[in-house]
Amino acid sequence: KEEMVTSRQNENSCFIGDFDVETFSHVAWEVSKGIADIHNNGVSHNNITADNIIIKMNKDDGSISIRIIDLGQASVLVEQDNKADKIKKDLCSLGLVLFELFVGIDPFQSKDLVFGRADFVSSGNKPSVPVVGTEGSNGVSQSNEELKSLLMSKAPLIVSTIIFNLMEGNHYQSAEEVDLDFYTILTDPGYYLHSTNSRFGINLFGTQINVLRGREKEMSMLMDIYNRVSRFDGVSELVLVSGYSGAGKSALVQNIRDPVQCFGGIFICGKFEQLQEMEPLSAITTMFADLWKDLLKRDKNTFLQIKAAIEESLGSELNVLASVIPSLRQIVDIRIEETPNTGGIEAQNRLKHTFRLLVRAIAASLPALVIFLDDLQWADHVSLYLFESLITDTECTSLLLIGSYREHEVNDTHPLAAILR
Ligand SMILES: Nc1ncnc2c1ncn2[C@@H]1O[C@H](COP(=O)(O)OP(=O)(O)O)[C@@H](O)[C@H]1O
Ligand SMILES: [Mg+2]
């Protein structure tokens, strides 16, 4: 008994969302393989939609086969003729189809038009892959966040990640890579789809294998907090990670970097070194320098948005801050030089205020900003003062601040202990 369904939900057909995640992954794998076959035959499909994918399920032996139909718009892949763009467009369509299969709605038909279908369907010479979260308007990126939440509420993180990477169009270069990711999932569905650990030990194509053992609880706790913070009205939260040296504090927190970035957030880290007392603030300065570099590499719109937000909220106070965080000069024009003065109470308050404004401006421009300050037991006084400024800032939104320290090296007289009390 074979049951034939088109993958689009309609009255007579079976909605794939009724199946379990494993069956879904199997279907997704078959579809990716099908598209890889088409591409390997030197052709791009150019019209991959849910209607054009026929899924055959044999309920007796559980076998699944799929057929991709309607090659009416297919074209031969020629190197000079935007071959990579055409492949990317098919992959992007694949992402949209998988989204629809999983969630049950076409992302374009959800009430907010997010990905700009007109743009997407037009097949001019330039790539017209929709880009998530770079539209610049709050309304749009919020809808993106809604789509992500919707998907994440239905699919395991690893599957949501693959689908969003496809929709964003900048992770996968070929359908074979997608095929490989779903294949990997199917080699151990219990691990990849059903245990919480798997949600984060993502073994995605092209990314480093980085699986933490026995940290399921901590990882889902951190990600739950991240999800709270990254909600539209998300308030800021502080997480402290303490333990002996070598306990795995850094590894644990670093492990949320990929999922955070996958879901639109930014993860930055400042690590204090034992012998850096000589160079106060270097961890924080480096952290921001890395942030600017990262932003420039990833996404120009977000960069410009953040730059504008910083300039607007700090104005002439930028001078004060740039004397403490010189890397600010890399992104904003600062003409007047000021000598660092962190001595007097007034100067300290000013520094606290401007630093808060900086972090607020960045965090508010993103779904969420994660700041990880590692090895706080070695932080200098000014850095600790800035850390404290953030902890006590009640007006900052969308910030997840994570601090780690060696418990046994922070006794009652340690300046960090005073802050944490
Ligand atoms: N849960 C884990 N599974 C596998 N390796 C781990 C785990 N936690 C830590 N490690 C490894 O143990 C070593 C020490 O961890 P690290 O995070 O640097 O400790 P800490 O920051 O607490 O001093 C690192 O090489 C790290 O990769
Ligand atoms: Mg460490």
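Atoms within a ligand are numbered from 1 in the order they appear, just like the ligands themselves.
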N/O of Arg406 under 3.5 Å from N/O of ligand 1, yes or no? no

Check whether the side chains of Gln377 and Asp375 place a donor and an acceptor atom closer than 3.5 Å, and report yes or no. yes

Would you mind finding which of Ser250, Ser404, Ala247 brings a heavy atom closest to atom 18 (O) of ligand 1? Ser250

Would you say His45 and Ile35 make side-chain contact, with heavy atoms under 4.5 Å? no

In ligand 1, the atoms that come under 4.0 Å of a heavy atom of Tyr244 are 22 (O)

Polar side chain donor-acceptor pair, Asp374 to Ser250, under 3.5 angstrom: yes

Pairwise side-chain contact, Leu386 with Leu351, heavy-atom cut-off 4.5 Å (strictly under): yes

Answer yes or no: does an N/O atom from Leu252 fall short of 3.5 Å to an N/O atom of ligand 1? no

Short check: any N/O/S atom of Ser245 below 2.8 Å from the Mg ion (ligand 2)? no

Do any heavy atoms of Ser245 fall under 4.0 Å from ligand 1? yes

Whether Tyr183 and Trp29 hold their rings parallel, tilted or perpendicular, with breakpoints at 30° and 60°: tilted

